[in-house]
There are 2 protein chains.
Amino acid sequence: MDDILSKSTTANTGEVLEENAIGALWQICFVANSFVFPIYAQFDKEYEISRMEFVVLFVLSHRDCLMAWEICRMTGLPKNNISRGIQKLETKGLISRSPDPKDARRAMVTTTEKGHILFDKLLAAYTKRADGFLSLLDENDKADLDRIMVKLSKFMPTIA
Amino acid sequence: MDDILSKSTTANTGEVLEENAIGALWQICFVANSFVFPIYAQFDKEYEISRMEFVVLFVLSHRDCLMAWEICRMTGLPKNNISRGIQKLETKGLISRSPDPKDARRAMVTTTEKGHILFDKLLAAYTKRADGFLSLLDENDKADLDRIMVKLSKFMPTIA
DNA sequence: TATGTCAAGTCCCATATGGGACTATTATTT
DNA sequence: AAATAATAGTCCCATATGGGACTTGACATA
């Protein structure tokens, strides 16, 4: 019988995953991690912005103002993490919080001008990287991907 | 002018993301997190298996035996994390390590019988959840998704 | 054989993370 | 109105994570 070592074919990255239905979701996670880790490392290094801070800014860039719990729902991230992200951003003057006069528990979060300026830089880096990934796809692929991801996003978790 | 609060449309989960090319990758990450967090929480609660342990078992289920650095490359995860996962699994008797006689730095990792038995349960839960997600897609979608994810997986990072 | 370089894993440490308890406020029920 | 539940957000704490230093061993070159 062969040496035990010979059983190991030199596996390439992501290779494992190209198999069945289960593989599709594994691969989604794999691609997501591959995309997101280097970007967040870059944000941290270049701008001292953490993942949670970026997430808050990103979501806010699509709505003028939001409450923390809305950001949680939109991102699927736990509220304590979002809370911390918001606190950091506020400390840095990148967002501002205005308490809801009708409900003292709530506060609306808005990006400040300073926050917009920084976010533009972050988004440029983000977009550049995203384009790098998507450049592997043709136009049909991109359309399919959009359609599929919209469908999949409907399957929502309820994260505390 | 309207109350500041009225600016906030009640945003639904994942809604932000359905916009442009940048949104596609955001959405991939969103779906990935939505899929993966509850499953790992379940694994931790029901089987006391951590994410890293599952990842190692998962990858090993596709290859008879592998070395740690191969698992890193296939998963894109840092080697210290994988190292810890392997250590835990070995302690529990779910995998075994046989040192490479030709290179004392290396060790081949193999799933034990006990490991296989546990992994079957984990995989059943994983598959069930994956099927839940994928049930939102029709057959064309699934085929498209597979094709696209294989393409995207080629855009590989080099993670330490 | 000495020497420098690289590779596989492990270890240490500072930070990020998520669960759950807690506070403060509002909504609902009686 | 009082009592109870529910909600937004924060805090605490134990664990997970990733960067980087370190150890050990292999390999290339002299």
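- In this structure, the NZ atom of A:Lys79 is 12 Å from the C1' atom of C:dA24, given to the nearest Å.
- Ring orientation note: the planes of B:Phe35 and B:Tyr126 are nearly perpendicular, at an angle over 60° on the 30°/60° scale.
- C:dA7 atom P lies 15 Å from atom CD of B:Glu70, rounded to whole Å.
- Evaluation of the salt bridge (Lys or Arg N to Asp or Glu O under 4.0 Å) test over residues 104-114 of chain B, restricted to residues two or more places apart or in two chains, returns B:Asp103-B:Arg105, B:Asp103-B:Arg106.
- A straight line from CZ of A:Arg106 to P of D:dA6 spans 16 Å, rounded to a whole angstrom.
- Nucleotide D:dT10 holds its P atom 15 Å from the CH2 atom of A:Trp69, rounded to whole Å.
- Note on A:Arg97: a side-chain N or O is less than 4.0 Å away from OP1 or OP2 of D:dT10.
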Report summary line: Given protein heavy atoms under 4.0 Å, the one-letter contact record of nucleotides 13-18 of chain C, with B base, S sugar-phosphate only and - none, is simply ---SBB

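- With sequence neighbours excluded, the residues satisfying ring pair (Phe, Tyr, Trp, His ring centres under 6.0 Å) with B:Phe43 are B:Phe54.
- Which of D:dG9, C:dT25, C:dG9 sits closest to the side chain of A:Ala104 comes down to C:dT25.
- One can place CG of B:Leu66 at 11 Å from P of C:dG9, the figure rounded to the nearest angstrom.
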Close N or O pairs between protein and nucleotides 2-6 of chain C (under 3.5 Å):
none

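- Rounded to whole Å, the distance from CG on B:Asp103 to C1' on C:dG9 is 11 Å.
- For A:Asp141, the salt bridge (charged side-chain N to carboxylate O under 4.0 Å, His left out) criterion is met by B:Arg147, B:Lys151, not counting sequence neighbours.
- Nearest heavy-atom pair across A:Leu25 and B:Ala130 is CD1-CA, 3.3 Å.
- Contacts of B:Ala107 with the nucleic acid, taken as non-hydrogen atoms under 4.0 Å apart, involve only primed sugar atoms and P, OP1 or OP2.
- Judged as a side-chain contact (heavy atoms from CB on, under 4.5 Å), and not counting sequence neighbours, the contacts of A:Ala32 are B:Ile28, B:Cys29, B:Ala32.
- Annotation: salt bridge (Lys or Arg N to Asp or Glu O under 4.0 Å) contacts involving residues 46-61 of chain B, sequence neighbours excluded, comprise B:Glu53-B:Lys92.
- For the OP1/OP2 pair of C:dT10 and a distance below 4.0 Å, the side-chain nitrogens and oxygens of B:Ser83 include at least one atom meeting the criterion.
- Taking atom CD of B:Gln87 as the reference point, atom P of C:dA8 lies 17 Å away to the nearest angstrom.
- Every residue two or more places apart in sequence or in another chain that forms a side-chain contact (heavy atoms from CB on, under 4.5 Å) with B:Ser61 is listed here: B:Phe119.
- We find that CE of B:Met67 is positioned 14 Å from C1' of D:dG25, with the value rounded to whole Å.
- By the side chain to side chain donor-acceptor pair (under 3.5 Å) test, A:Asn81 pairs with A:Arg84, sequence neighbours left out.
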